[in-house]
Student: 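Just dropping this structure here.
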Amino acid sequence: MASAVMNTTSAALGWFSSAFDAPLARAVVFGVHIDGHLVVEVLLIAVILFQLSRKSYKPPKKPLSEKEIDDLCEEWVPEPLHPPITEEMEVQPATLESAAGPHTIIDGKEVVNFASANYLGLVGHEKIIDSCVGSLEKYGVGSCGPRGFYGTIDVHLDCETRIAKFLGTPDSILYSYGISTIFSVIPAFCKKGDIIVADEGVNWAVQNGLHLSRSTVVYFKHNDMASLESTLEKTTKGNRRAEKLRRYIVIEAVYQNSGQVAPLDQIVRLKEKYRFRLIMDESNSFGVLGNSGRGLAEHYGVPIEKVDIITAGMGNALATDGGFCTGSVRVVDHQRLSSSGYVFSASLPPYLASAAISAVDHLEENPAILASLRNNISLLWKVLSDVPGLTISSDPLSPIVFLKLKKSTGSIKSDMQLLDKITDRVLKDDSVFIVTSKRSNLDKCRLPIGIRMFISAGHSEADILKAAESLKRVAALVLS
Amino acid sequence: MVRLPYLTALTTLFSYGLLFAFGQLRDLFRKILDLPKSKKVQGYAPICLGLEDFYTRRLYLRIQDCFGRPIASAPDAWIDVVERYSNDNNKTLQRTSNTTKCLNLGSYNYLGFAAADEYCTPRVIESLKQYSPGTCSVRVDGGTTKLHTELEELVARFVGKPAAILFGMGYVTNSAIIPALMGKGGLIISDSLNHNSIVNGAKGSGATVRVFQHNAPSHLEEVLREQIAEGQPRTHRPWKKIVVIVEGIYSMEGELCKLPEIIAVCKKYKAYTYLDEAHSIGAIGKTGRGVCELLGVDPADVDIMMGTFTKSFGSCGGYIAASKEIVQYLKHTCPAHLYATSMSPPAVQQVISAIKVILGEDGSNRGAQKLAQIRDNSNFFRSELQKMGFEVLGDDDSPVMPIMLYNPAKIPAFSRECLKQNVAVVTVAFPATPLLLARARICISASHSREDLIKGLEVISKVGDLVGIKYFPVEPEKTYADGNLKKLE
């Protein structure tokens with residue numbers, strides 16, 4: 001039995017080996033004998049090639065059928081356009097019934113107004129109103145067109161030359177709205193790939209401009225020169241490409257969110273060391289700082305050419321509306337075609353431009369109003385130094401006096417409620433109009449909120465003492 | 001849409017190619033000549049690198065005198081254009097004190113409120129003396145006056161929505177509202193020819209932006225279906241909300257948007273609609289209420305209506321009209337409301353008076369007269385231009401009519417010749433329009449009288465012959481036997 005199996009196996013093996021070695025049909029191809037094993041090898045190679053050439057298994061992509069798309073559209077439910085309205089959203093601001101000067105009328109009562117940024121007291125000034133009346137009768141109210149299409153009126157050109165002459169720069173360009181100035185200037189100069197070093201306390205308009213410019217933005221600690229230096233060092237060290245990129249530092253002269261004043265002399269030194277260009281927003285310092293009101297550069301004695309781009313809104317010290325940007329001729333000319341808020345928008349109403357010209361004229365002729373503004377600020381600092389529960393956290397030079405809570409309650413919402421209680425009672429009991437700093441939820445700034453008081457050169461000593469008295473009394477009541 | 005004949009396309013491309021070649025040649029010479037003295041400040045990269053401002057330096061500066069012409073009077077039907085001269089081949093322009101009186105076919109003065117008006121101006125001067133030109137504060141601090149609340153109610157009533165909110169500038173309205181309503185996870189579908197302010201607002205919001213073909217509700221439906229089925233990019237989660245943004249009148253085309261069809265599509269797919277009526281509010285519709293009234297759409301069907309006061313009301317600023325809750329929410333979060341100086345009180349009073357005139361609440365029928373006048377003027381002007389053989393875009397009843405020029409050389413030729421004959425027109429080229437489709441844009445006003453229009457037509461016809469832009473055959477004079485005689489009165 002075993003020997004029979006052995007015999008058949010050896011016979012089969014013998015047959016196989018002879019088949020391997022047997023010349024196949026006596027074929028000679030290219031001088032090579034075709035043996036049996038060649039056939040198997042060729043078959044093997046063919047099988048390998050066949051497997052390699054087949055695509056790996058992927059389930060086939062079926063596009064959605066019309067019915068499936070219909071079903072998806074049916075069951076999709078959008079969110080409502082607005083979130084549910086909470087109680088704090090229903091609060092209405094106070095309605096004024098007269099001009100927003102140092103004294104104004106709210107609900108029939110006369111109140112002392114610390115909520116308008118009327119730094120030079122020019123609201124209600126007769127010379128400015130007269131020039132506006134003349135302008136209204138000649139040019140009407142609106143300018144009915146963008147600057148490129150018959151919206152350029154000669155008062156615009158006069159206003160631009162007047163401001164440039166006042167500041168001592170070669171040229172300036174006028175914008176039709178205060179906050180659109182800075183968020184049109186930044187994207188006009190900073191493109192994708194450029195480097196911007198900005199202060200973390202800049203206001204929303206600057207943040208929007210930085211976002212629209214698509215550049216790389218690095219923030220440094222609020223008004224901290226050591227942090228600025230280390231950030232500049234980090235962004236330029238070892239970066240060969242940094243030589244070819246445009247680099248900017250963006251700051252504000254007097255910060256809207258905190259009342260701090262930027263140390264311009266140190267910043268200019270740093271910018272020259274690391275070769276950055278400087279963009280400075282002077283909305284709250286134009287017409288306020290400096291011996292003749294020419295801004296932060298005059299205050300620190302820095303030549304104005306060292307600051308590359310200066311922008312300012314005219315809605316504060318100059319008591320009109322609109323904004324301007326000034327710098328070298330190259331800087332200003334570039335904006336006339338590539339700044340979107342200038343090219344695609346109607347120009348400033350002509351009467352506001354003539355109001356700006358008369359305001360600048362008035363400031364140049366009477367530099368004494370700056371002295372009275374400074375006296376008012378120092379008086380307020382003196383009488384507010386001992387308010388219970390609140391401390392002054394702004395710079396002694398800034399016309400925005402910022403009071404924040406000594407001990408925060410922990411959440412921004414309850415801080416806000418406490419501060420609102422204080423300001424409401426101050427208005428109701430003592431007829432002094434002050435406001436808290438409101439923050440939009442789109443704003444990325446994380447600085448603490450507080451009570452903001454805008455000092456004006458038109459406030460009298462009695463006004464300031466009255467406000468301080470009232471604040472001390474109410475703060476003691478509410479915060480104890 | 002515009003049909004571009006092949007021959008015109010070829011000649012236009014050839015002209016641009018020639019200008020480009022010459023520009024590059026001049027740049028080359030400038031580089032060679034500047035090599036010895038390197039003006040670049042060491043270490044600072046130049047403000048514009050290489051080809052970024054090539055168009056400005058080599059093409060725009062040659063025809064700079066056609067743009068930005070200063071005027072020395074109110075932008076009314078006749079204006080005083082200030083003459084300028086140049087000593088260095090148009091690189092800089094100097095003002096003179098001479099002016100020429102020209103017919104104004106370029107300003108956005110649809111209802112004629114641009115100049116001093118007998119009802120509006122005394123009230124504006126009174127409010128100026130009471131409230132002074134600026135409020136120096138933001139709306140939530142001390143910037144809300146009685147005038148602002150009055151205007152918000154009036155605008156809401158005029159447009160037909162429950163509530164409205166005001167802003168001091170039309171551009172800022174779009175750029176600051178869209179980010180407040182949409183955020184990451186939302187989808188914005190906007191028309192391909194939307195204005196720069198809408199594009200900026202959409203970019204600034206952080207939402208995904210998709211574009212649909214201009215005025216094509218079928219393509220909008222396709223895009224909506226595709227986007228809802230796919231969901232957010234990469235994660236494929238469903239979208240939080242979808243907003244479709246369209247304009248009432250497109251300022252470079254002069255055509256109305258197909259509002260009823262677009263609203264129907266949006267309602268079917270539960271998308272919100274945002275209508276920008278910058279050019280159409282006050283100018284079209286039987287009582288001036290804009291494109292909704294003209295096309296028979298109920299204002300309640302449009303979720304958010306935006307408009308500006310610059311064009312028809314002769315003032316400045318913008319508004320948003322929507323439901324009470326949305327306006328309440330916007331007053332709490334919108335950055336333009338919380339951080340921007342409030343609208344100047346005399347400008348607010350101008351809009352209040354203008355709306356009262358339009359509604360007839362000032363005790364006269366001047367409003368109805370103005371509306372009828374602008375409608376007649378626009379239709380007359382457009383039909384006459386078409387009869388002369390010009391290629392005019394835009395729908396009937398729209399006061400904006402672009403005339404196609406195409407070739408870059410015809411832009412300054414048309415503009416300068418018209419100015420020599422005392423007609424001031426506006427010519428638009430790249431980048432406001434596509435490169436090959438340069439045009440001259442006429443804006444009709446209710447303060448143009450019939451004689452003004454006839455003079456304008458004569459001058460344009462003469463210049464058109466000279467420059468060669470009558471692309472269509474001239475229509476033969478219709479005889480009485482034809483029957484359909486169009487009454488021009």
Side-chain angles (χ1 to χ4, degrees), chain A residues 64 69 72-73 76 78-79 81-82 85 89 93 95-97 99-100 115-118 123-124 132-133 137 139-142 144-145 147-150 152-154 157 176-180 204 208 211-212 244-246 275 315 319-321 337 340-341 344-346 349 355 435 438 440-442, chain B residues 43-45 47 56 67-68 70-72 74-75 106-109 114-116 125 128 131-137 140-142 144-146 149 168-169 171-172 179 196 204 225 228-229 238 240-241 269-270 272 310 314-316 325-326 328-329 332-333 335 338-341 344 347 350 426:
Chain A
L64 295 170
I69 299 187
L72 279 168
C73 296
W76 175 69
E79 276 180 12
L81 258 182
H82 60 91
I85 302 291
M89 292 190 197
T95 314
L96 269 66
E97 287 159 21
S116 305
N118 172 23
V123 168
C132 285
V133 172
E137 282 167 350
Y139 299 111
V141 175
C144 297
R147 286 292 289 260
F149 303 149
Y150 304 109
T152 307
I153 312 208
D154 45 6
L157 301 172
S176 48
Y177 203 45
I179 66 170
S180 77
W204 174 82
N208 197 24
H211 179 76
L212 285 174
K244 302 210 190 62
L245 293 171
R246 294 170 282 224
R275 309 245 187 266
T320 69
D321 209 348
L337 271 190
S340 31
F344 292 109
S345 161
V435 283
K438 315 253 179 341
S440 156
N441 56 7
L442 293 176
Chain B
Y44 289 93
I47 287 186
T56 313
F67 304 104
I71 65 178
S107 293
Y108 302 138
N109 176 22
I125 296 189
L128 173 72
Y131 289 100
S132 96
T135 57
C136 292
S137 9
V140 284
D141 287 347
T144 311
T145 62
K146 275 196 1 196
T149 28
M169 181 183 171
Y171 189 93
V172 163
N196 186 277
R225 286 170 69 86
I228 297 182
K240 293 211 180 118
K241 32 190 151 150
Y269 291 96
K270 294 176 266 188
Y272 299 113
T310 333
S315 171
C316 66
E325 290 82 24
I326 297 184
Q328 195 84 320
Y329 170 65
H332 186 252
T333 23
L338 296 175
Y339 299 128
T341 326
S344 168
Q350 162 79 12
V426 159

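Here is how names work: the chains are called A, B, and so on, in the same order as the sequence lines, proteins then strands, and each is numbered from 1. Note: hydrogens, waters and symmetry copies are ignored here, and every other heavy atom, side chains too, is used.
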Student: Identify which of Ala319(A), Ser176(A), Gly178(A), Pro349(A) forms the greatest number of heavy-atom pairs closer than 4.5 Å to chain B.
Tutor: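 Most heavy-atom pairs within the cutoff with chain B belong to Ala319(A).
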Student: Given heavy-atom pairs under 4.5 angstrom as the criterion, report whether the side chain, backbone, both or neither of Leu338(B) touches chain A.
Tutor: side chain
Student: Given the options Gly124(A), Ala100(A), Ser116(A), which has more heavy-atom pairs under 4.5 Å with chain B than any of the others?
Tutor: Ser116(A)
Student: Based on non-hydrogen pairs under 4.5 Å, which of Cys136(B), Ser137(B), Ala72(B) is most in contact with chain A?
Tutor: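 Among Cys136(B), Ser137(B), Ala72(B), the one with the most close pairs to chain A is Cys136(B).
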Student: Which residues satisfy the side-chain hydrogen bond (donor to acceptor under 3.5 Å, both in side chains) test with Tyr131(B), sequence neighbours excluded?
Tutor: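 By the side-chain hydrogen bond (donor to acceptor under 3.5 Å, both in side chains) rule, Tyr131(B) matches no residue at all.
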Student: Using a 4.5 angstrom heavy-atom cutoff, name the option from Ile228(B), Val426(B), Thr341(B), Ile71(B) with the most pairs to chain A.
Tutor: Ile71(B)
Student: With only heavy atoms counted, which part of Leu337(A) is less than 4.5 Å from chain B, the side chain, the backbone, both or neither?
Tutor: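 For Leu337(A), the side chain is the part near chain B, not the backbone.
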Student: Specify which of Gly140(A), Ala355(A), Ala346(A), Pro78(A) makes the most heavy-atom pairs with chain B at under 4.5 Å.
Tutor: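 Most pairs with chain B among the choices: Pro78(A).
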Student: So which part of Tyr269(B) gets closer than 4.5 Å to some heavy atom of chain A, the side chain, the backbone, both or neither?
Tutor: both
Student: For the residue pair Tyr329(B) and His82(A), does the interplanar ring angle fall in the parallel (under 30°), tilted (30 to 60°) or perpendicular (over 60°) class?
Tutor: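 Tilted: the ring planes of Tyr329(B) and His82(A) meet at 30° to 60°.
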Student: What option among Asp321(A), Leu81(A), Leu72(A), Ile69(A) has the most heavy-atom pairs under 4.5 Å with chain B?
Tutor: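 Most heavy-atom pairs within the cutoff with chain B belong to Leu81(A).
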Student: By a 4.5 Å heavy-atom criterion (distance strictly below it), what part of Leu96(A) contacts chain B: side chain, backbone, both, or neither?
Tutor: both
Student: Kindly indicate whether the side chain of Ser440(A), heavy atoms from C-beta on, has any atom under 4.5 Å from the side chain of Trp204(A).
Tutor: no
Student: For Glu325(B), is it the side chain, the backbone, both or neither that has a heavy atom under 4.5 Å from a heavy atom of chain A?
Tutor: both
Student: Count the heavy-atom pairs under 4.5 Å between each of Asn208(A), Thr95(A), Asn118(A) and chain B, then report the option with the highest count.
Tutor: Thr95(A)
Student: Do Pro133(B) and Leu128(B) make a side-chain contact, defined as non-hydrogen atoms from C-beta onward lying under 4.5 Å apart?
Tutor: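 Counting from C-beta outward, Pro133(B) and Leu128(B) do come under 4.5 Å.
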Student: Does Asn109(B) reach the side chain of Pro75(B), with side-chain heavy atoms less than 4.5 Å apart?
Tutor: no
Student: Which one of Ser344(B), Pro335(B), Ala347(B), Gly314(B) has the most heavy-atom pairs closer than 4.5 Å to chain A?
Tutor: Pro335(B)
Student: What pairs with Thr152(A) under side-chain hydrogen bond (donor to acceptor under 3.5 Å, both in side chains), at least two apart in sequence or on another chain?
Tutor: Arg147(A)
Student: Thr333(B) versus chain A, heavy atoms under 4.5 Å apart: side chain, backbone, both or neither?
Tutor: both
Student: Could you tell me if the side chain of Pro70(B) sits less than 4.5 Å from the side chain of Leu157(A), heavy atoms only?
Tutor: yes
Student: Looking at chain A, which one of Ala116(B), Ser315(B), Ala115(B) has the largest number of heavy-atom pairs inside 4.5 Å, strictly under?
Tutor: Ser315(B)
Student: Does the pair Cys316(B) and Tyr177(A) meet the rule for a side chain to side chain contact (heavy atoms under 4.5 Å, CB included), with working shown?
Tutor: CA-CA 10 Å; Cys316(B) 66; Tyr177(A) 203 45; over 6 Å; no
Student: I want to check something: taking the side chain as every heavy atom from C-beta on, are His332(B) and Asn441(A) in contact at a cut-off of under 4.5 Å?
Tutor: no
Student: Could you walk me through whether Tyr139(A) and Asp154(A) pass the side chain to side chain contact (heavy atoms under 4.5 Å, CB included) check?
Tutor: CA-CA 10 Å; Tyr139(A) 299 111; Asp154(A) 45 6; 2.8 Å; yes
Student: Under 4.5 Å from any heavy atom of chain B, what part of Leu442(A) do you find: side chain, backbone, both or neither?
Tutor: side chain
